[in-house]
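A quick write-up on the structure given underneath.
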There are 2 protein chains.
Amino acid sequence: MRYEKGHRSATRQRIVEVAARRFRESGVAAVGLTGVMADAGLTNGAFYGHFESKEALVCDALCHALDEREADFVASGAAGADLESSLRGYLNAAHRDNPGIGCPSAALLPEIGRHADATRAAFTRHLVTFVDLIAGLLPAGEPAQAHATATALFGLVVGTLQLARAVSDPQLSDQILEAGIQAGLALGLGAPVDAPS
Amino acid sequence: MRYEKGHRSATRQRIVEVAARRFRESGVAAVGLTGVMADAGLTNGAFYGHFESKEALVCDALCHALDEREADFVASGAAGADLESSLRGYLNAAHRDNPGIGCPSAALLPEIGRHADATRAAFTRHLVTFVDLIAGLLPAGEPAQAHATATALFGLVVGTLQLARAVSDPQLSDQILEAGIQAGLALGLGAPVDAPS
DNA sequence: TGTACATCAGTGAACGCGCGTTCACTGATGTAC
DNA sequence: TGTACATCAGTGAACGCGCGTTCACTGATGTAC
């Protein structure tokens with residue numbers, strides 16, 4: 001072997017991980033491929049030996065980040081997590097202050113909506129999985145209603161974390177996080193709402 | 001007068017309006033000044049006669065879009081709007097499908113968090129105003145609690161609209177909007193939650 | 001065992017292009033005398 | 001009334017730069033005979 005077995009796939013993986021971090025930190029449009037490759041210890045020319053286009057990397061990096069967070073979610077669930085600890089695990093200062101290793105939806109959601117169909121379809125598949133996982137944290141009830149509530153909870157925490165990142169007043173930012181937690185609890189555990197007729 | 005009175009400020013206003021639309025459609029980072037100026041019927045060189053930098057335009061365009069939506073909100077409130085009609089006025093297919101004339105937060109929130117302090121401070125001021133307006137739609141109660149709920153409602157609708165735009169399945173997108181409306185009603189009208197201790 | 005060739009991940013320069021920004025200039029209209 | 005000059009919004013070319021993408025080449029290691 002010219003390179004040890006798995007060298008090529010390890011290189012590719014490294015590029016995906018760097019991209020997943022940098023896209024979340026700066027947004028997809030603001031990140032250049034030369035910088036990503038340099039961070040991965042390579043030169044720009046090697047990129048197209050691994051990916052067809054920047055859009056293909058966007059799709060892979062997004063899926064990688066979503067898979068990682070899904071694994072974290074499942075792992076913490078195995079430790080007996082409930083809705084409140086999940087909310088607090090998401091809406092906290094550390095997550096707010098480290099978008100590069102955080103939720104890709106909070107960092108990139110509007111941008112995802114402007115990307116290629118394949119990228120949006122990949123996001124859609126992951127979203128469905130996430131909603132299932134969130135629904136599992138809710139008190140037993142009608143499954144359709146649990147899914148609707150879980151979907152709204154996802155929207156709530158994503159929007160709330162974005163708000164906490166956008167405001168310039170640190171104290172207000174903390175209040176936003178806490179308001180999101182309380183609202184998430186009210187939504188998830190509160191008086192059940194009728195499913196849409 | 002070489003130009004009719006108000007010509008200069010009218011030109012500036014035209015640039016701001018074009019930018020506010022294009023930023024929301026494509027994201028700030030993906031929009032170039034040459035294109036904005038061309039849409040406003042001008043050439044690139046005229047830009048710096050009106051703005052100090054692209055960042056200054058971003059701040060002005062964001063404020064313009066936020067002011068416009070605030071005015072709409074107040075106008076519809078004068079017509080006797082309640083929480084449900086406000087939620088339906090936001091979480092609907094027309095809004096989802098026309099980001100260029102829609103909520104700047106839904107289109108740009110993660111990006112705002114990466115912009116200059118002045119831009120984030122301007123956003124923060126507008127957010128506070130919005131939260132007050134939303135709180136006014138809630139049943140009378142403790143003001144601090146109404147503010148917290150209103151903040152979460154804002155996060156909920158922003159995140160939900162972004163989700164509806166990002167997914168590639170139109171039917172799922174419609175379900176997301178409806179789930180957001182139901183959750184917004186539950187949050188706003190449902191069992192009151194204690195304020196954080 | 002030694003030589004010629006194949007493989008292939010990665011290099012680094014180059015492509016055309018658009019970016020944000022600068023600046024000398026235009027030209028229509030005003031004022032000064 | 002006529003001429004010289006001031007004003008200023010807008011023009012359009014140019015600046016250096018980084019973008020996504022392409023491609024001829026390198027060099028280390030494998031295989032063939």
Side-chain angles (χ1 to χ4, degrees), chain A residues 1-23 25-62 108 111-112 114-119, chain B residues 1-23 25-62 108 111-112 114-119:
Chain A
M1 288 287 169
R2 296 151 210 85
Y3 295 86
E4 65 273 37
K5 188 171 192 270
H7 172 93
R8 186 179 149 80
S9 69
T11 300
R12 188 190 150 101
Q13 185 65 10
R14 207 165 358 110
I15 299 168
V16 168
E17 282 164 13
V18 169
R21 176 176 51 80
R22 293 184 57 134
F23 287 160
E25 283 169 356
S26 311
V28 173
V31 170
L33 296 180
T34 302
V36 170
M37 294 303 278
D39 262 24
L42 297 161
T43 54
N44 58 338
F47 179 81
Y48 292 89
H50 292 281
F51 302 93
E52 216 184 57
S53 64
K54 185 186 184 183
E55 183 66 33
L57 174 62
V58 170
C59 192
D60 279 18
L62 178 63
L108 301 172
E111 225 171 344
I112 292 169
R114 300 175 199 118
H115 271 278
D117 278 356
T119 304
Chain B
M1 291 288 168
R2 294 150 209 87
Y3 294 86
E4 65 273 39
K5 188 168 188 258
H7 172 95
R8 188 180 147 81
S9 69
T11 299
R12 189 191 149 99
Q13 184 65 11
R14 208 167 356 111
I15 297 169
V16 168
E17 281 164 13
V18 168
R21 176 176 51 77
R22 292 185 57 135
F23 288 159
E25 284 168 357
S26 310
V28 172
V31 170
L33 296 180
T34 303
V36 169
M37 294 303 278
D39 262 24
L42 298 160
T43 56
N44 57 338
F47 179 80
Y48 291 89
H50 292 281
F51 303 93
E52 215 185 57
S53 62
K54 186 186 183 183
E55 183 66 34
L57 174 62
V58 170
C59 192
D60 279 19
L62 178 62
L108 300 172
E111 226 171 343
I112 292 168
R114 300 176 200 117
H115 271 278
D117 278 357
T119 305

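Model, not experiment: these values are computed from the prediction. Residue numbers begin at 1 in each chain, while the letters A, B, ... track the order of the sequences. Below, all heavy atoms of this structure are taken into account, side chains as well, without hydrogens, waters or symmetry copies.
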- Task: Round to the nearest Å and state the distance from B:Glu4 atom CD to D:dA9 atom C1'.
- Result: 11 Å
- Query: Between D:dG20 atom P and A:Met37 atom CE, what is the distance in whole Å?
  - Reply: 12 Å
- Message: For C:dC8 and A:His7 - does any side-chain N or O of the residue sit under 4.0 Å from the phosphate oxygens OP1/OP2?
- Response: no
- For atom CD of B:Glu55 and atom P of C:dC19, their distance in whole Å: 17 Å
- Item | Rounded distance [0.5 Å steps], CZ in A:Arg21 versus OG in A:Ser26 | 9.0 Å
- Task: Starting at atom CG of B:Leu57, determine the distance to atom P of C:dG20, rounded to an integer number of angstrom.
- Result: 10 Å
- When you measure from the side chain of B:Ser53, which nucleotide among D:dT21, C:dA9, C:dT21 comes out closest? C:dT21
- Message: Whole angstroms only, please: what is the CZ-C1' distance between B:Arg8 and D:dA9?
- Response: 8 Å
- Message: Please tell me if A:Tyr48 has a side-chain N or O lying less than 4.0 Å from either OP1 or OP2 of D:dT22.
- Response: no
- Nearest whole angstrom, please: distance from the P of C:dA14 to the CZ of A:Phe47. 22 Å
- Ranking C:dT11, C:dT21, D:dT11 by distance to the side chain of A:Thr43, first place goes to C:dT11
- Message: Let's see if you can work this out: which of D:dG20, C:dG20, D:dG10 has an atom nearest to the side-chain heavy atoms of B:Thr11?
- Response: D:dG10
- Query: Picking from C:dT21, C:dT11, D:dG10, which would you name as closest to the side chain of B:His50?
  - Reply: D:dG10
- Mapping A:Leu33 and A:Gly45 onto DNA chain D by nearest heavy atom, which one lands closer to the 5' end? A:Leu33
- Message: Check this for me: does the side-chain of B:Asn44 come within 3.5 Å of the base of D:dT11 through a donor and an acceptor?
- Response: no
- Tell me: CZ of B:Phe23 to P of C:dC19, nearest whole Å? 12 Å
- Query: Using a cut-off of 4.0 Å on non-hydrogen atoms, how would the nucleic acid contact of A:Val31 be classed: base, sugar-phosphate, or nothing?
  - Reply: sugar-phosphate
